[in-house]
2 protein chains.
Amino acid sequence: MTKMDRMKGAAALPLNTILAGDCVAEMAALPAGSVDLIFADPPYNLQLKGDLRRPDNSRVDAVDDAWDRFEGFSSYDSFTRAWLREARRLLKPDGAIWVIGSYHNIFRVGAALQDEGYWILNDVVWRKSNPMPNFRGKRLTNAHETLIWASRSEGARYTFNYEALKALNEGIQMRSDWVLPICTGGERLKDAAGEKAHPTQKPISLLHRVLVGCTKPGDVVLDPFFGTGTTGAVAKMLGRDWIGIEREESYRTVAETRIAQVRKFDKAALEVTRPKRAEPRVPFGQLVERGMLRPGETLVSATGKSARVRADGTLVGLDVTGSIHQVGAALEGAPSCNGWTYWHFVRDGVTVPIDVLRQQIRAEMQGSG
Amino acid sequence: MTKMDRMKGAAALPLNTILAGDCVAEMAALPAGSVDLIFADPPYNLQLKGDLRRPDNSRVDAVDDAWDRFEGFSSYDSFTRAWLREARRLLKPDGAIWVIGSYHNIFRVGAALQDEGYWILNDVVWRKSNPMPNFRGKRLTNAHETLIWASRSEGARYTFNYEALKALNEGIQMRSDWVLPICTGGERLKDAAGEKAHPTQKPISLLHRVLVGCTKPGDVVLDPFFGTGTTGAVAKMLGRDWIGIEREESYRTVAETRIAQVRKFDKAALEVTRPKRAEPRVPFGQLVERGMLRPGETLVSATGKSARVRADGTLVGLDVTGSIHQVGAALEGAPSCNGWTYWHFVRDGVTVPIDVLRQQIRAEMQGSG
DNA sequence: TCCGCTGCTGAATCTGATA
DNA sequence: TTATCAGATTCAGCAGCGG
């Protein structure tokens, strides 16, 4: 594909609309390499037989819709591989996919993902804080669903906002198990008759975490099983573009009304904690040029090693000369070393990491734009 | 099979011993329909490439054993289907199987189980209370493993001690997610050199829950990937018969010594299974994800300071960005600050501490362990 | 004996910008 | 495309030691 083709394709993308039809056919009509993230909540192939009743004999409203009926595993597999293949064609090279499912279908989906060339990054457990109990006492309470996060291929440079998710989790890195309530109450959409509009509406909180963690503002998010449009609603809130595909007219109607009512968060609120790597690079030599460190001055490490600063911003250790990183690594016998945190200078008897000086320079750069 | 055959087969069973050899060949030599429960911890096919270092530069001791190396998915699939087929032949008609794995292999195992005619009853998530973190900040902490529980076939009358598991869970129906620590400390078996005897020893608490829930005293439990014999040790404690199969002599030696030391119904060993209950930690970000607070919304303090909420659960104050605690401390010039009581939101003209929202979330989590 | 501090470790598919 | 090198990155639990 030429750059021109891709630009043409991108221009043709039906952003922020719901396409009516079968997801494989609709995806086939979209341009390759045009989507940043796909979130998919495919039919679970539940294979329910008769009714299920609660201990008080009331009937459980199960998923018995036509779209969840398949002939058998082989038919479900063909369906799965067909939509996963089209989805992969649509993804940009560094794009990624999330798929949610239960034990009825997730193993087949996961194996198909691997067979189609996707590269699994994590499986994530959505642990429901308020699941439906097991009424018969014949099994464990089915209290979770599984999500799979995969990049388009091995080695792809997928988007992962590590610091943002860490911030969401109060400073501790986000784990693969997420405790979130199921979608109930005011969030649960109702149809005209007051019945739930969709049997398996996903909670906003789930999509919020996925989109904050794995997309950037302005990214294109595709949901091939749009349902009542949680993906679109959250994408809009977060300032991402979205495309939905949905066969059932009744779901599309509910989704359109819903998304129209969503307000985008304001720009400042969408800013997210950024990684250090995104900050401007400051060469160590600048600390010397600016006179923050004197040539000839001795730097020390917490492990008791020392080295002397030279005018060109290199260090001289016992036997070694080189960058702050190289000398640190050599003195420790380590394969690598972050010299910024390893080396310290001494002022008025106090030992200070040289990284503090780098932060001063960065702060100045901020102020001067 | 006649009743006579089955009795002959049962009589020939090598109970409470470890068979040396490849599990497919060893299972093929055992009589059909003779086993009540199988617990299997097959190789995960991790496909690790280079080595991994912690931020302090120490090297992670990875699973690089020969038994975890496969040519590719197709080779792993053949292996999986071969042992699952033999395992199914050995099961009594009402027998069941548990298999444990990670995202590297569990999807292939689950699909194979279904294809071979097993009937999945639950997938169970082992949520590790103390997993290894993600050192490079490139993915989510891999904090769980998945177990699949399946009966030999659809409609089988498998053993499930509903009341026993409910009692283990302090009177509440057992859920499909189990919080248990990984195997460390005194429980972790060491070799003569003081190194861990097996790279992936499973905790007693995990097997305890499986065997209490899915076997009866006197049942025969088979583990085709016996390793250092946690399955055998727990079976002996609980008065079940066991059969192990293990290729590696070093593992068999450790397992034999270990199981010889186990006393039936060792009370102290059973203590391990009681989960510790602490007040669950609720990250501030969850209030945002759940829509209790809106990104862009302003929080205020009793001292007249204010800050705005961002989508990743951080706050922006006058000059500071960070957690609710960090921003509160900075604005007050204090070394620390409890953001939960310091910050308030405004609804209908009323100022409410954000801690009220945390209490709401905790109330939802109550009773769901 | 208790407390705090340091150090070590666990089934892990673990970098990215620039030349 | 490949080589080079700067430099970013961790949580819970247990053992051992010193005061």
Side-chain angles (χ1 to χ4, degrees), chain A residues 94 114 118-123 149-151 154-155 157-158 160 162-163 166 169 171-176 275-285 302 313 322-329 334-343 354-355 358, chain B residues 41-65 67-70 73 100-106 126 128-146 181-188 190 194-196 198-203 225 227 276 278 281:
Chain A
D94 291 335
Q114 293 175 314
Y118 291 93
W119 188 248
I120 297 182
L121 299 168
N122 274 118
D123 59 337
W149 174 34
S151 59
E154 185 179 356
R157 294 189 309 193
Y158 53 92
F160 181 51
Y162 174 77
E163 287 78 10
K166 188 170 170 179
N169 197 32
I172 294 165
Q173 78 178 194
M174 186 69 79
R175 300 169 37 120
S176 58
K276 272 205 196 139
R277 211 182 273 282
E279 294 182 45
R281 200 178 88 85
V282 175
F284 174 73
S323 71
I324 51 173
H325 315 294
Q326 289 166 339
V327 174
S336 69
C337 168
N338 183 346
W340 290 106
T341 50
Y342 180 78
W343 292 111
I354 59 173
D355 202 30
R358 180 169 66 162
Chain B
D41 181 11
Y44 285 11
N45 188 23
L46 287 188
Q47 311 163 65
L48 302 175
K49 304 235 158 56
D51 63 352
L52 176 66
R53 286 175 181 273
R54 300 186 178 80
D56 67 3
N57 244 327
S58 63
R59 207 176 133 274
V60 173
D61 184 17
V63 178
D64 54 358
D65 307 74
W67 49 254
D68 195 42
R69 285 198 283 271
F70 294 84
F73 285 132
I100 183 167
S102 68
Y103 66 85
H104 310 84
N105 72 324
I106 198 67
W126 168 25
K128 302 179 183 180
S129 53
N130 50 348
M132 182 159 62
N134 184 289
F135 297 118
R136 304 307 290 264
K138 292 285 124 187
R139 302 188 178 188
L140 302 164
T141 307
N142 204 349
H144 73 276
E145 293 189 23
T146 302
I182 61 176
C183 182
T184 58
E187 190 187 325
R188 190 76 191 232
K190 305 285 195 291
E195 301 293 310
K196 58 188 175 193
H198 191 284
T200 70
Q201 186 182 339
K202 293 295 172 290
F225 306 95
K276 287 171 247 168
R281 197 177 63 86

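Reminder, nothing fancy here: chain letters follow the sequence lines and each chain counts from 1. These numbers come from the heavy atoms of this one structure, side chains and all, not from hydrogens, waters or symmetry mates.
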Open item on the list: Expressed as a whole number of angstroms, how long is the span from B:K138:NZ to D:dT9:P?
Closed with: 9 Å

Between the protein and nucleotides 4-12 of chain C, which nitrogen or oxygen pairs come in under 3.5 angstrom?
from: C:dG10; atom 1: OP2; to: B:K196; atom 2: NZ; distance (Å): 2.7
from: C:dG10; atom 1: O5'; to: B:K196; atom 2: NZ; distance (Å): 3.2
from: C:dG10; atom 1: N7; to: B:R54; atom 2: NH2; distance (Å): 2.5
from: C:dG10; atom 1: O6; to: B:R54; atom 2: NE; distance (Å): 3.1
from: C:dG10; atom 1: N2; to: B:P131; atom 2: O; distance (Å): 3.0
from: C:dA11; atom 1: OP2; to: B:R188; atom 2: NH1; distance (Å): 2.8
from: C:dA11; atom 1: OP2; to: B:R188; atom 2: NH2; distance (Å): 3.3
from: C:dA11; atom 1: OP2; to: B:P199; atom 2: O; distance (Å): 3.1
from: C:dA11; atom 1: N7; to: B:K202; atom 2: NZ; distance (Å): 3.2
from: C:dA11; atom 1: N6; to: B:D41; atom 2: OD1; distance (Å): 3.4
from: C:dA11; atom 1: N6; to: B:P42; atom 2: O; distance (Å): 3.2
from: C:dA11; atom 1: N1; to: B:Y44; atom 2: N; distance (Å): 3.0
from: C:dA12; atom 1: O3'; to: B:N142; atom 2: ND2; distance (Å): 3.0
from: C:dA12; atom 1: N6; to: B:L52; atom 2: N; distance (Å): 3.4

Output a table of nitrogen or oxygen pairs between the protein and nucleotides 5-8 of chain D separated by less than 3.5 Å.
from: D:dA6; atom 1: OP2; to: A:S323; atom 2: OG; distance (Å): 3.3
from: D:dA6; atom 1: O3'; to: A:R281; atom 2: NH1; distance (Å): 3.1
from: D:dG7; atom 1: OP1; to: A:R281; atom 2: NH1; distance (Å): 3.1
from: D:dG7; atom 1: OP2; to: A:H325; atom 2: NE2; distance (Å): 2.7
from: D:dG7; atom 1: OP2; to: A:W340; atom 2: NE1; distance (Å): 3.0
from: D:dA8; atom 1: OP1; to: A:R358; atom 2: NH1; distance (Å): 3.3
from: D:dA8; atom 1: OP2; to: A:R358; atom 2: NH2; distance (Å): 2.6

TODO: Quickly work out the B:L140 CG to D:dT9 C1' distance and round it to whole Å.
DONE: 15 Å

TODO: Using both pair distances under 3.5 Å as the test, note the stems of at least 3 consecutive Watson-Crick or G-U pairs that include DNA chain D.
DONE: C:2-10 with D:11-19, C:15-19 with D:2-6

TODO: Between D:dA8 and C:dT18, how far apart are the P atoms? Round to whole Å, please.
DONE: 14 Å

TODO: Identify, with sequence neighbours excluded, every residue that meets side chain to side chain donor-acceptor pair (under 3.5 Å) alongside B:S58.
DONE: B:R54, B:D56

Open item on the list: Using the salt bridge (Lys or Arg N to Asp or Glu O under 4.0 Å) criterion, which residues pair with A:D355? Sequence neighbours excluded.
Closed with: A:R358

TODO: Using the C1' atom as the reference point in each nucleotide, state the distance between C:dT1 and D:dG16 in Å, no decimals.
DONE: 16 Å

- [ ] Using whole Å, report how far CZ of B:R53 lies from P of C:dT15.
- [x] 13 Å

Task: Protein-nucleotide distance (A:F160, atom CZ; C:dG16, atom P), rounded to Å - done: 12 Å

TODO: Using the test ring-ring contact (aromatic ring centres under 6.0 Å, His included), find all partners of A:W343 that sit at least two apart in sequence or belong to another chain.
DONE: none

Open item on the list: Between D:dA12 and C:dC14, how far apart are the two P atoms, rounded to whole Å?
Closed with: 23 Å

Open item on the list: I'd like to check the side chain to side chain donor-acceptor pair (under 3.5 Å) partners of B:R69; sequence neighbours left out, ordered by chain and number.
Closed with: none

TODO: Kindly write out the residues that satisfy side-chain contact (heavy atoms from CB on, under 4.5 Å) with A:Y162, not counting sequence neighbours, or none if the list is empty.
DONE: A:F160, A:K166, A:Q173

Task: side chain to side chain donor-acceptor pair (under 3.5 Å) partners for B:K49, two or more places apart - done: A:E154

Task: Any donor-acceptor pair under 3.5 Å from A:R157 side chain to A:D94 backbone - done: no

Task: Protein-nucleotide distance (A:Y158, atom OH; C:dG16, atom C1'), rounded to Å - done: 12 Å

Task: Test side chain to side chain donor-acceptor pair (under 3.5 Å) applied to B:N57 - qualifying residues, sequence neighbours left out - done: none

TODO: Find the distance A:L121:CG to C:dC14:P and express it as a whole number of Å.
DONE: 10 Å

TODO: Identify, with sequence neighbours excluded, every residue that meets salt bridge (Lys or Arg N to Asp or Glu O under 4.0 Å) alongside A:D123.
DONE: none

Open item on the list: If the condition is ring-ring contact (aromatic ring centres under 6.0 Å, His included), which residues does B:F70 pass it with, not counting sequence neighbours?
Closed with: B:Y76, B:F79

Task: C1' atoms of D:dT10 and C:dG7, separation to the nearest Å - done: 14 Å

Task: A:M174 CE to C:dC14 C1', straight-line distance once rounded to whole Å - done: 18 Å

- [ ] State, to 0.1 Å, how close B:P42 and B:N105 come at their nearest heavy-atom pair, and which atoms those are.
- [x] CG-ND2, 4.3 Å

